Every structure is written in C-alpha cells, then in structure tokens.
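Since the structure comes first, as structure tokens, the remarks are kept for the end.
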Amino acid sequence: MQQINHGSNHHEIVLEHGKLHVFANEEVLESFQSKVYEMADNNLRIPRNVYMGYTPDAHVGVGTCIGTTAVWNMEDGCVSPSIVGVDIGCGMRVHTTSLHRNDIVDKKIRRALIAAIEKYVPTNERTNTHYADIDIMNVVQHGLGGLPDKYVPDNQWLTHVEQAVFQYEHAYLEHLPPRILKNAHGQLGTLGSGNHFIEIQYLEISEDQRELAAKWGLFEGQVVVMIHSGSRAWGAMLGREYNMALKEAMHLWGVHNPDPNLIYAPIASREGQTYLNLMYSALNFAVSNRHMIAFGVREAFREVFGSELEMPVLYDLMHNYALKEFHRNRPMLVHRKGATRALPPNHFLNTPAYKTTGHPALIPGSMGTSSYIMVGREEGIKNFYSICHGAGRARSRRATKELVTVDQFQQSLRVGTEDEVLVNHRTLEKILDECPQAYKNVDEIIDSVVGASLADVVAKCKPMAAIKGL
DNA sequence: ATGTAC
C-alpha cells in the first residue's frame with residue numbers, strides 16, 4: 001500500500017480505485033484494521049468521487065466507515081445513503097448555564113436534576129413526547145420554523161445552530177415510506193438509545209483559549225449540558241427504505257460494487273433526488289428533536305434552580321448528513337458520516353453569529369471521559385473542514401459485553417468517589433455496551449485532529465451526570 | 001441508529 005506523507009498527521013493512501021486521506025497520529029494509524037481500507041476502496045469505486053477522507057475515529061460501519069468525509073460535484077456526482085448512514089441528522093447540541101461546578105457538586109442536587117430531566121425528556125422506548133401539540137409534518141417541512149412560538153424561548157435558539165431549516169421540494173413527501181408517520185409520531189423531544197445521551201458537564205478552559213471562550217460566553221468551571229441525539233424513527237425508516245430502493249435501482253442499472261451494502265445513485269437520477277430531498281426532512285426532524293430535548297432540559301433545570309435560570313444554546317450541529325456546500329467555487333455534495341464540520345474564523349459558510357470566530361465544533365467523548373468544544377482552522381480545508389465526531393468505537397457492542405464487567409464499568413465512572421459520574425440507571429447492565437472501554441481513547445483522537453491542524457481545543461467538558469436511553 | 005428481524 002503506497003503512502004504519501006503530507007506532514008503532521010496527514011497521510012495519503014493510494015488504493016486501487018483512488019486516494020484516501022487519513023488524519024491520524026502514528027499510534028492511531030497503526031490501530032486501523034485492513035477492513036477500513038477495503039471499505040474506502042469500495043467507496044472510491046463510486047463514479048466521479050472528488051474526495052475521500054478519514055478522521056482518526058474511523059471504524060468499520062455498514063457500507064462505509066464511520067469517520068468518512070466523501071465529496072462529489074453536484075453537477076455530475078453521486079449521493080449515497082450508505083455514506084450518510086441510517087441515523088440521519090444525528091448530532092450534538094450544547095447549552096450553557098450561569099452555574100459553576102461547585103453549585104452542583106452535591107450529589108443530591110445532581111440526582112434531582114437527573115430525575116427532573118427524566119420527567120421532561122422521555123428516555124425509554126415507547127415513552128411518548130410531551131409535545132403532542134406539535135405537528136411533525138410541519139416540523140419535517142420547516143425545521144425549527146415549524147415549532148410553535150411558545151417552544152422557542154429566545155430568537156437565539158434559532159440563530160445559534162448549524163442550520164435551522166433544510167429546504168427541499170416538499171412534493172417528495174409523497175414518497176415517504178409507509179408507516180413512517182405512525183412510527184415517528186410521538187417521538188419529538190425524545191432521546192433515543194444506543195450512543196445518544198444527555199450529559200451535565202463542567203468546562204476546563206486552557207489559558208490560551210480564555211479570550212475566544214469568553215466571546216462564546218464560556219468560563220472556567222461552567223456547568224453546561226451536552227445533548228447527543230438524531231431523527232429517531234423518522235430518519236431510520238427513511239434510511240432503511242431508501243437503501244433498499246436505491247439498491248434495486250442499482251440492480252436495474254447494472255451497477256455493481258463488491259460490497260452489497262454500499263448503495264448509491266447519481267444525484268441527478270429520480271432515485272437520487274428522492275433520497276436527497278427526503279433526507280432533508282430527516283435533518284429538519286433531527287434539529288427540531290434536539291431543540292425540544294433542550295427545551296425539556298431547560299424546564300428541568302428551572303424546576304431545580306428557579307425560573308430565572310437562563311440556558312442559552314451554544315450551538316447545534318450534525319455529524320451524519322450530506323450537505324450541498326460551495327468549495328473550489330462550485331457546488332459540491334459533502335457527505336459526512338460520523339464527521340463534524342469545523343469551519344475556521346471568517347469562513348463564509350459560518351452562521352452569522354459565529355462568522356468572525358468560527359463556530360463551536362462539539363465532540364462527544366464516551367461515558368466517564370471528557371467531551372470537547374473545538375474550533376476549526378484554515379488548514380481544515382484539507383478534509384473539507386471535517387473533524388472527528390467522537391472517540392469512535394474500539395470494539396463491537398457484543399465484544400464489549402463479553403469483555404467488560406459491570407464492576408469495571410462502575411470503576412470507570414468512579415462510582416463511590418467524589419468525582420463520580422452519576423447515571424440515571426439503577427444498574428449499568430443494560431448500557432454496558434456504552435462503557436468507555438467500548439471506545440477508543442478520545443484524547444488520542446483529539447490529539448490527532450489538533451496535530452493535523454484541522455482544529456483547536458477551546459474547552460474540555462468533564463462529565464458530572466449522564467442520562468442514557470434504553 | 002431503529003416502534004429491528006435474512
């Protein structure tokens with residue numbers, strides 16, 4: 001395998017069907033399995049690919065690795081439901097508070113917060129939304145613009161997001177999968193399961209980032225809430241349905257790929273257009289879902305700390321989507337599957353609120369380890385301004401359950417110590433596959449990203465309480 | 001990931 005080194009942590013790997021750019025330090029690079037290169041090569045067979053890159057958290061996924069940035073020209077390119085993944089619109093959101101870590105160090109207060117959050121944000125499957133008065137058809141068409149005014153505490157909740165509404169041709173809603181309305185109904189403002197979470201964290205800000213942090217309203221020891229969720233059944237059903245539909249179309253067209261799970265179509269095709277348009281409906285659901293989860297979290301915090309408590313949104317952004325973006329003076333379709341956009345200061349794609357500073361790039365850690373708030377650098381263009389989306393899985397859910405004991409999980413959450421990360425579950429057994437041991441070391445991943453000059457760390461977010469769904 | 005399920 002020929003490899004060209006482009007300087008610090010940037011490796012260009014020459015595969016049979018094209019080039020793959022990998023951003024990782026030596027240690028992380030060596031940990032990559034040969035399967036991730038096999039998958040990249042299959043993805044590079046998709047016609048007219050412009051760019052393909054891996055962030056250091058890359059690991060094997062269905063059809064395409066999680067940690068992939070893959071780009072085509074809008075004019076003649078392809079769209080792939082496999083490179084978006086089924087968790088369409090999954091992403092991160094952070095709200096700040098005026099509270100200091102010392103205000104919630106008392107475990108009784110944190111337990112009260114967890115209980116209150118569980119009251120306002122359903123975390124179990126089959127628990128219904130508290131917002132039955134919201135019409136989800138309005139939401140999937142208009143994003144945050146489809147929410148009743150009473151659920152928008154401040155205009156700031158509409159401006160401090162990657163995108164408040166994804167516009168598309170609503171006529172395509174005619175092609176929604178059967179039962180999608182029935183299944184997604186009652187899910188707005190609910191957490192979901194798997195790696196989704198709500199965490200109460202406090203910030204550690206290094207000396208050299210205090211100025212930027214202050215501009216963003218962040219301070220040392222500050223309590224923040226991080227939310228990780230997506231489009232629930234709405235996106236999952238679309239992902240599933242259109243993987244099948246486009247697979248059928250590939251068969252009819254005589255298009256073959258060695259990986260039967262790698263599905264794609266020309267953007268200009270009827271099938272490609274249908275998927276692309278409906279995918280945007282899922283992005284609208286996803287951003288609205290995180291908004292309503294945050295609304296519930298705010299209610300919970302106000303129940304504990306009083307109704308004067310402000311909880312402004314820092315930012316909301318996605319790591320599973322395909323977005324039309326202008327690069328090299330032409331419209332391109334940028335797929336990010338488990339990859340986070342991190343735009344640098346003054347980049348024109350920044351939302352106005354963050355035009356001059358660049359926007360916060362929100363990177364979740366695993367339970368019990370730190371999460372990160374980062375900011376992109378100019379050099380990030382090397383990977384179309386994509387950085388990692390988290391630690392990345394080190395082993396499968398099944399392998400984790402065989403390897404790690406509940407006791408070891410408890411130890412990693414520092415149970416019984418003052419530093420304990422409180423969890424909403426009485427027993428950790430059901431979420432054992434989400435233990436830190438299931439994930440790579442997030443610090444190593446962040447080191448790779450910083451070392452590659454893609455982004456800088458602004459704040460480290462240390463967990464104090466975690467709410468996980470089932 | 002998902003009101004799963006070759």
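Note: hydrogens, waters and symmetry copies are ignored here, and every other heavy atom, side chains too, is used. Everything numeric in this text was worked out from a predicted model, so none of it was measured. Numbers restart at 1 for each chain; the letters A, B, ... are given by sequence-line order, proteins then strands.
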In this structure, is the centre-to-centre distance between the rings of A/F23 and A/H10 below 6.0 Å? yes
Quick one: [X] [atom1] to [N] [atom2], roughly how many Å, whole number?
X      : N     : atom1 : atom2 : result
A/R397 : B/dT2 : CZ    : C1'   : 12 Å
A/N261 : B/dC6 : CG    : C1'   : 12 Å
A/D87  : B/dG3 : CG    : P     : 11 Å
A/N243 : B/dC6 : CG    : C1'   : 15 Å
A/L470 : B/dG3 : CG    : C1'   : 15 Å
A/L238 : B/dG3 : CG    : P     : 13 Å
A/K247 : B/dC6 : NZ    : P     : 12 Å
A/M237 : B/dG3 : CE    : C1'   : 9 Å

Let me have the donor-acceptor pairs involving side chains of residues 293-301 of chain A, under 3.5 Å, with sequence neighbours excluded, atom names and distances please.
none

Check this for me: does any side-chain nitrogen of one of A/E420 and A/R110 sit under 4.0 Å from a carboxylate oxygen of the other?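 Salt bridge flag = no for A/R110 with A/E420.
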Would you mind checking if A/R93 and A/E162 are paired as a salt bridge, meaning a charged N to carboxylate O distance below 4.0 Å? no
Test: side-chain hydrogen bond (donor to acceptor under 3.5 Å, both in side chains). Region: residues 173-194 of chain A. Which pairs qualify, not counting sequence neighbours? A/T190-A/R232
Proximity to DNA chain B (any heavy atom under 4.0 Å), residues of residues 174-190 of chain A only: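 Per residue number, the list reads A/N183, A/Q187.
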Give, ordered by number, those residues of residues 55-67 of chain A having at least one heavy-atom distance below 4.0 Å to an atom of DNA chain B; if nothing qualifies, reply none. none
Aromatic ring pairing A/Y242/A/Y275, orientation class (parallel under 30°, perpendicular over 60°, tilted between): tilted
Touch class at under 4.0 angstrom, heavy-atom based, for A/G194 against every strand present: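 Sugar-phosphate only.
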At 4.0 Å (heavy atoms only), tell me whether A/N128 reaches a base, stays on the sugar-phosphate, or touches nothing. base
Salt bridge (charged side-chain N to carboxylate O under 4.0 Å, His left out) partners of A/D133, counting only residues at least two apart: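 Partners of A/D133 under the salt bridge (charged side-chain N to carboxylate O under 4.0 Å, His left out) test: A/K150.
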Table please: side-chain donor-acceptor pairs of residues 255-264 of chain A below 3.5 Å, with sequence neighbours left out.
{"unit_1": "A/N257", "atom_1": "OD1", "unit_2": "A/D259", "atom_2": "N", "d": "3.0"}
{"unit_1": "A/N257", "atom_1": "ND2", "unit_2": "A/N42", "atom_2": "O", "d": "3.0"}
{"unit_1": "A/D259", "atom_1": "OD1", "unit_2": "A/N261", "atom_2": "N", "d": "2.8"}

Under 3.5 Å, side chain of A/S366 to main-chain N/O of A/T369, donor-acceptor pair present? no
